[in-house]
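First the structure, in the form of structure tokens, and then the observations on it.
Throughout, numbering of the chain's residues begins at 1 and tracks the sequence. We count ligands from 1, going down the list as the structure has it; atoms in each ligand are counted the same way.
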Amino acid sequence: MMAMVLPSATAFTPNYDESKVPDYTLPDSLVVAGKEATDSAAWEKEVRPATLALFQRDMFGRVPVPTQPLNPSVSLESEVADACGGKAVRREYLLRFSHRNSPSIRLLVYLPKGQDKVPAFMGLNFRGNQIVEDDPRIALETGFVLGGKKTGDNTAFAEKNRGTGKERWPVDTIVGRGYALVTACCGNIDPDYDDGFENGVHAMFPKPKAEGWGTISAWAWGLSQMLTAVGEEIAEIDAARVAVIGHSRLGKTALWAGATDPRFAIAISNNSGCGGAALSRRAFGETVARINNSFPHWFNANFKNYNGNEAALPVDQHQLVALIAPRPVYVASATGDQWADPRGEFLSLLNAVPVYQLYDDQPFGGVTTMPAPGKSVGHRMGYHLREGKHNITPEDWAHYLDFADRWLKK
Ligand code: GTR
């Protein structure tokens with residue numbers, strides 16, 4: 001008998017045809033849960049908290065209350081004075097909590113030499129700190145990394161990856177422009193797979209309910225802890241001038257970190273796509289159902305109610321951008337990254353303008369249409385579309401550094 005091949009339940013064909021984007025109406029970012037923001041005070045007092053609560057309830061989740069104090073502690077593990085051809089001091093720190101299930105978060109820090117209280121970029125990496133530079137003195141990430149073994153020792157994989165992220169982390173340029181860089185492997189905070197909240201920082205908290213946090217929320221929480229650690233331990237960095245940055249799933253994380261922690265001075269989302277800067281209602285490229293099926297652990301259980309049902313979402317991603325107001329925000333797309341819906345990413349920024357306008361007449365510099373590739377536009381809200389693939393490149397960084405110069409240099 002011939003076997004019948006049935007289409008798998010998860011078969012998914014992304015829409016890349018602009019004419020097939022469903023008609024949609026975006027929720028009004030200024031009127032949420034019956035509250036209206038007519039000025040910045042009303043936004044801050046009522047509409048912003050109501051918006052944040054909806055994102056927590058239906059998407060990223062709420063961080064559970066720990067059952068005991070977590071008492072973070074930071075130890076300096078290494079320091080070299082010859083990084084970036086002698087332009088930088090490089091340190092490694094270990095951030096831990098007093099809970100018996102605490103993971104160790106290993107921070108890699110570059111500080112421009114001889115400068116005090118510098119602004120900084122902070123972002124997570126996928127494959128361990130050793131990717132940033134091919135220097136055997138940087139500790140290998142032997143635990144969970146993207147592309148390595150899910151459990152067990154990843155030493156061999158980490159060895160192979162030394163220095164492979166140097167395009168993504170152009171430390172020489174960053175330091176040369178007067179910024180510090182702080183990074184850590186996202187897997188230190190929460191390994192990127194569905195494990196029922198058993199590992200990573202999740203293991204220090206009670207098990208979440210339907211509203212509970214997923215991995216993106218855990219990563220964002222980790223970034224906040226890293227910011228606290230920087231403020232307390234690294235006098236060379238001005239913790240009030242830290243830009244949180246991330247690529248792809250870590251770009252979604254950077255936006256959520258910027259939304260939940262107002263201490264981040266700027267949030268930068270690089271090719272963050274669905275669940276990040278891209279409008280969910282456009283269902284262009286990756287969709288809510290697809291992301292929840294492929295990565296059930298990224299968002300909370302309630303977010304699954306919107307699979308194939310984007311119109312019912314009480315918020316859309318322009319409101320995630322708006323939660324960062326009035327702090328500067330930057331979104332970037334790539335022409336070859338249709339999966340992340342460049343137009344949807346741009347439209348989120350554009351539709352967050354009314355909230356930013358409560359603070360600034362022309363937050364987006366009067367921009368109303370998507371710019372040509374290669375050009376950075378905007379003012380307090382920045383955007384560019386890079387020619388090329390899903391990636392973060394020195395060209396992206398050049399725009400981020402210019403943007404940071406505008407807002408973080410004294
Ligand atoms: C993809 C996922 C995207 C994006 C990307 C990444 O597989 O569909 O949402 O997050 O991974 O993080 O590299």
Side-chain angles (χ1 to χ4, degrees), residues 8 10-16 55 59-61 123-128 131 144-148 150 161 164-165 167-169 183-194 200 213-220 222-223 244-259 267-300 303-304 306-308 310 313 316-317 320-321 331-346 348 386 388-393 396:
S8 105
T10 54
F12 174 72
T13 312
N15 172 42
Y16 291 131
F55 275 109
M59 192 174 181
F60 294 98
L124 300 176
N125 65 67
F126 291 98
R127 294 190 168 177
I131 58 138
F144 178 90
V145 288
L146 211 73
K150 201 166 175 179
N161 274 291
T164 52
E167 294 264 297
R168 285 190 169 189
W169 299 98
T183 184
C185 179
C186 61
N188 284 185
I189 300 170
D190 192 35
D192 193 1
Y193 60 90
D194 191 11
W213 54 343
T215 292
I216 290 179
S217 178
W219 287 336
L223 282 162
V244 63
I245 182 166
H247 166 60
S248 203
R249 67 197 70 181
L250 300 176
K252 309 180 209 299
T253 306
L255 288 174
W256 186 236
I268 301 171
S269 141
N270 188 87
N271 303 184
S272 62
C274 179
L279 291 175
S280 300
R281 279 171 174 75
R282 279 172 50 82
F284 187 102
E286 188 172 32
T287 62
V288 170
R290 170 61 197 226
I291 207 166
N292 280 330
N293 288 332
S294 310
F295 306 101
H297 57 296
W298 281 0
F299 301 97
N300 69 3
F303 195 43
K304 277 96 188 157
Y306 302 97
N307 288 352
E310 286 86 354
L313 277 164
D316 211 318
Q317 301 307 97
L320 176 61
V321 173
V331 170
S333 313
T335 54
D337 187 20
Q338 294 299 308
W339 180 246
D341 187 13
R343 180 167 297 279
E345 295 182 311
F346 170 78
S348 264
R386 175 178 47 74
K389 299 194 294 206
H390 182 70
N391 198 2
I392 177 165
T393 71
D396 295 309

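- Only side-chain heavy atoms of I291 come within less than 4.0 Å of ligand 1; its backbone N, CA, C and O stay farther off.
- In this structure, the side chains of I245 and N270 stay at 4.5 Å or more apart for every pair of heavy atoms.
- Results of the side-chain hydrogen bond (donor to acceptor under 3.5 Å, both in side chains) test with T215 over D190, T253, D194 single out D190 as the only residue that passes.
- When non-hydrogen atoms are compared, ligand 1 lies under 4.0 Å from the side chain of K252 (C-beta onward) but not from its backbone.
- Side-chain rings of F303 and F60 stay apart, their centers remaining 6.0 Å or farther from each other.
- Annotation: cation-pi pair R343/F346 absent, no NZ/CZ under 6.0 Å from the ring centroid and within 45° of its normal.
- The distance from ligand 1 to the heavy atoms of W298 drops below 4.0 Å at these ligand atoms: 9 (O), 10 (O).
- Taking atom 5 (C) of ligand 1 as the reference point, the nearest protein heavy-atom neighbour is S248 OG, 2.9 Å.
- Every atom of ligand 1 with a heavy atom of W339 under 4.0 Å away is listed here by number and element: 2 (C), 3 (C), 8 (O).
- A salt bridge is absent between R386 and D337: the closest approach of a Lys/Arg side-chain nitrogen to an acidic carboxylate oxygen does not fall below 4.0 angstrom.
- In terms of protein heavy atoms, atom 8 (O) of ligand 1 is closest to E286 OE2, 2.5 Å.
- For S272, no nitrogen or oxygen atom sits less than 3.5 Å from a nitrogen or oxygen atom of ligand 1, counting backbone and side chain alike.
- Using modelled atom types and a 3.5 Å distance limit, the side chains of S333 and E345 yield a donor-acceptor pair.
- Scanning all protein heavy atoms for the shortest distance to atom 7 (O) of ligand 1 gives F295 CZ, 3.4 Å.
- Looking at R249 next to ligand 1, an N or O pair under 3.5 Å apart turns up.
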- request: Please step through side-chain contact (heavy atoms from CB on, under 4.5 Å) for the pair N271 and I392, ending with a clear verdict.
  value: CA-CA 8 Å; N271 303 184; I392 177 165; over 6 Å; no

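- Proximity of H247 to ligand 1, defined as any heavy-atom pair under 4.0 Å, is not found for any part of the residue.
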